[in-house]
There are 2 protein chains.
Amino acid sequence: MNKTIKDIAKLAGVAKSTVSRYLNGGNVSETTKAKIRKVIEETNYEPNSFAQSLKAKKTNFIGVIAPTLDSYVTSTVLMAIDEELRKREYTTLIISTSKHVDREIESLINLSRQKVDGIILISTGITDKHYETIQAISIPVLVVAQEVDAFNCIINDDYQAGFAMGQYMATQGHRSIVYLGVTESDVAVGQKRKQGVLDGLAQAGITDVQTYVSQFDLHNASEVTKKVLETSAPTAIICATDTIAFGAMKTISKLGKKVPDDYSLAGFGGYNISEVIHPTLTTIRFKNEQTGIQAARTIISMTEGEEVQKLQVSGFHFIEGESVKKI
Amino acid sequence: MNKTIKDIAKLAGVAKSTVSRYLNGGNVSETTKAKIRKVIEETNYEPNSFAQSLKAKKTNFIGVIAPTLDSYVTSTVLMAIDEELRKREYTTLIISTSKHVDREIESLINLSRQKVDGIILISTGITDKHYETIQAISIPVLVVAQEVDAFNCIINDDYQAGFAMGQYMATQGHRSIVYLGVTESDVAVGQKRKQGVLDGLAQAGITDVQTYVSQFDLHNASEVTKKVLETSAPTAIICATDTIAFGAMKTISKLGKKVPDDYSLAGFGGYNISEVIHPTLTTIRFKNEQTGIQAARTIISMTEGEEVQKLQVSGFHFIEGESVKKI
DNA sequence: TCACAAATTGGAACCGGTTCCGGATACGTG
DNA sequence: CACGTATCCGGAACCGGTTCCAATTTGTGA
């Protein structure tokens, strides 16, 4: 059985208030300190943080809700958040939702019950239910990757990134282009990024872009690409993520075709694995580390009641690979 | 300010014990139930779980300590653990350590303070300090990926996997082989897997294998490979992980050489991205999902005080890709 | 209608800490 | 040596729940 502060006090021959004071750096004489220290060492005593938090209102835990763990972007952001929070003496608790919206809600409640000081929600879309729940638990919540009016947000500049990609593809001389996107329920990737691409292309006079929808995983992307190529013959395919681009690449090479000779290909993400794949992928890398660091700093400010900028936008840079041919 | 059970009781005109009983399904009359329900709905009341856990000894939270989040293996295992724990009505709290051993210790203590019911430690090596800490916090701990006598463990069969790979490489006719491993402080990968490979090769009479050490990341693996190839000219390189193999592949192609024509290459992992890379990688896939599910089930048994098998070994299967040439 | 059991409820103690308050002791000063 | 002050320490109340126990109310059968 675990020792309590009362046991320690009894063993040291002092009152439990004295032990508590010792633990929290109050006024305790050297001789009593020594006695208490001895007992604590001998018993491996660890204070019960539930009891502590009952009175102290701060736990120094920050919860992070992530849609998945097996994506390059998410894990990079998570690692950066964790690193930065640790520097500020916070502990990060991560919960994964496997992309189930109801689990996001559930996790918000779970974390609030664990009395975390703040929650970073890496989201794929905010619903009314999210809104209600966040209101109900009165804990600061920072939304990452999606833009919502009601909350503080950190987002990628998906529209501009898409725009840049659209423009680039146009300057490379492509006119017959397919866009392989994702569901519109993901506002950032499904809507903004796509709109950016379309507008970037439109600016160059290309308006008849065919768009398709794929899941986020390689396997599905590969299948969708197969269907797409059965009915249309674009010179270039722009994919909403690098993973989707890899899926497309798989299908293309299965069909005995080559990138970029038969089809040009581009993605979004900038995973480091791209360096190994031939041809290297033309893509856009978002500053995921920066997003993570920013998120950590912002949530801390929020827990301290400071005003923070409502909307923060992370940058990106364009990576020109070998997967797009100039026509 | 958040409401407490006392406020609810006052507003409903009953004793707080009655509210508690209502919340936990005790004997409460319909009329009282209705009154309390009404008040709770109006106030958005959420019980303080710290106070709850103070008395109730179970929190239904399981902590998982992972060395990193940006590896295919770790995230796959994590997702599987999470999925299985959720089925059993547990919530998973994940803490990443970024491969710092001291953070593993720190995280064990942090999680014990959060009063999780059990901890799954995905480790890269257990030190004396681990041992002491795990003893001190009296919470069930299950070690995954490393074998330690003192604790319950779930491991991959690294030795057999290595052995299989060694044998295979020998049957393909390779005699001049380099092994690109990792630090021996990682017992499973650094020692057992390597020993398996060496023994597998030795069985075929190949004993003069040169071994080198790389970090786990692509970049470093690429650099080490460069140095290796400056001084030796093997026909095959066996890498301790797929990521290392990708790093080697990068260097090889930078040198204007080809896999498998100039060098045969093999790894361990079986990441799904391998399907996209040409040539596809010959590798060994561990049953990560199975490991995760097993880990979840085992830790639950442990929290319930059941006896569990001291050592559980997960299987693997061999994947023959195009990266090894028959000589 | 009465005795007795079952259902319902309130009060108090408890979980393991923190903190306020007041008394005891030690110390420095005139 | 007496006095004021700073330091140290113990006792008690409190945080927000759960649970035990006893009292009250309700319901049942004879």
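Computation of the quantities below employed the complete heavy-atom set of this structure, encompassing side-chain atoms and omitting hydrogens, waters and symmetry-equivalent molecules. So that the names make sense, note that chain A is the first sequence line, chain B the second, and so on, each numbered from 1.
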Visitor: Is the distance from OP1 or OP2 of D:dG17 to the nearest side-chain N or O of B:Y45 less than 4.0 Å?
Guide: yes

Visitor: Starting at CD of B:E30 and ending at C1' of C:dT9, how long is that distance when rounded to a whole Å?
Guide: 15 Å

Visitor: A:I62 versus A:T303: any side-chain heavy-atom pair under 4.5 Å?
Guide: yes

Visitor: Using side-chain heavy atoms (C-beta onward) and a distance below 4.5 Å, is B:I40 in contact with B:L23?
Guide: yes

Visitor: Is the phosphate of D:dT19, meaning OP1 or OP2, less than 4.0 Å from a side-chain N or O of B:S20?
Guide: no

Visitor: May I have the distance from A:N27 (atom CG) to C:dC20 (atom C1'), rounded to whole angstrom?
Guide: 14 Å

Visitor: Measure OH/A:Y22 against P/C:dG17 and give the value in whole Å, please.
Guide: 15 Å

Visitor: Quick one: A:L23 CG to C:dG17 C1', roughly how many Å, whole number?
Guide: 10 Å

Visitor: Using the ring-ring contact (aromatic ring centres under 6.0 Å, His included) rule, collect all pairs that involve residues 129-153 of chain B, keeping only residues at least two apart or in two chains.
Guide: B:Y131-B:F151

Visitor: Rounding to 10°, can you tell me the angle the first-five-pair axis of the helix from C:dT1-D:dA30 to C:dG30-D:dC1 makes with its last-five-pair axis?
Guide: 40°

Visitor: Would you list the pairs meeting ring-ring contact (aromatic ring centres under 6.0 Å, His included) in which at least one residue belongs to residues 68-117 of chain B, sequence neighbours left out?
Guide: B:Y72-B:Y271

Visitor: A quick test of your reading: do over 12 heavy atoms of other residues, nucleotides or ligands sit less than 6.0 Å from CD of A:E307?
Guide: no

Visitor: Side chains of A:L93 and A:V64: closer than 4.5 Å at any heavy-atom pair?
Guide: no

Visitor: Please list all pairs meeting salt bridge (charged side-chain N to carboxylate O under 4.0 Å, His left out) that have one or both residues in residues 97-111 of chain B, counting only residues at least two apart or in different chains.
Guide: A:E83-B:R103, A:R86-B:E106

Visitor: Need one value for B:T4: base, sugar-phosphate or nothing, where a base atom within 4.0 Å counts as base even if backbone is also close, heavy atoms only.
Guide: sugar-phosphate

Visitor: Any idea which of D:dG10, C:dT8, C:dG10 is nearest the B:S29 side chain?
Guide: C:dT8

Visitor: Tell me, which pairs form a salt bridge (charged side-chain N to carboxylate O under 4.0 Å, His left out) where one or both residues lie in residues 144-155 of chain A, sequence neighbours left out?
Guide: A:E147-A:K192

Visitor: Once you round it to whole Å, what is the distance between C1' of C:dC21 and CZ of A:R21?
Guide: 11 Å

Visitor: Kindly point out which of C:dG17, D:dG17, D:dC9 is positioned nearest to the side chain of B:I5?
Guide: D:dG17

Visitor: Determine, stepwise, if the pair A:E42 / A:K38 fulfils salt bridge (Lys or Arg N to Asp or Glu O under 4.0 Å).
Guide: CA-CA 6 Å; A:E42 282 169 0; A:K38 186 154 169 286; 3.5 Å; yes

Visitor: Where along residues 6-17 of chain A does a heavy atom come under 4.0 Å from DNA chain D, residue by residue in number order?
Guide: A:G13, A:V14, A:A15, A:S17

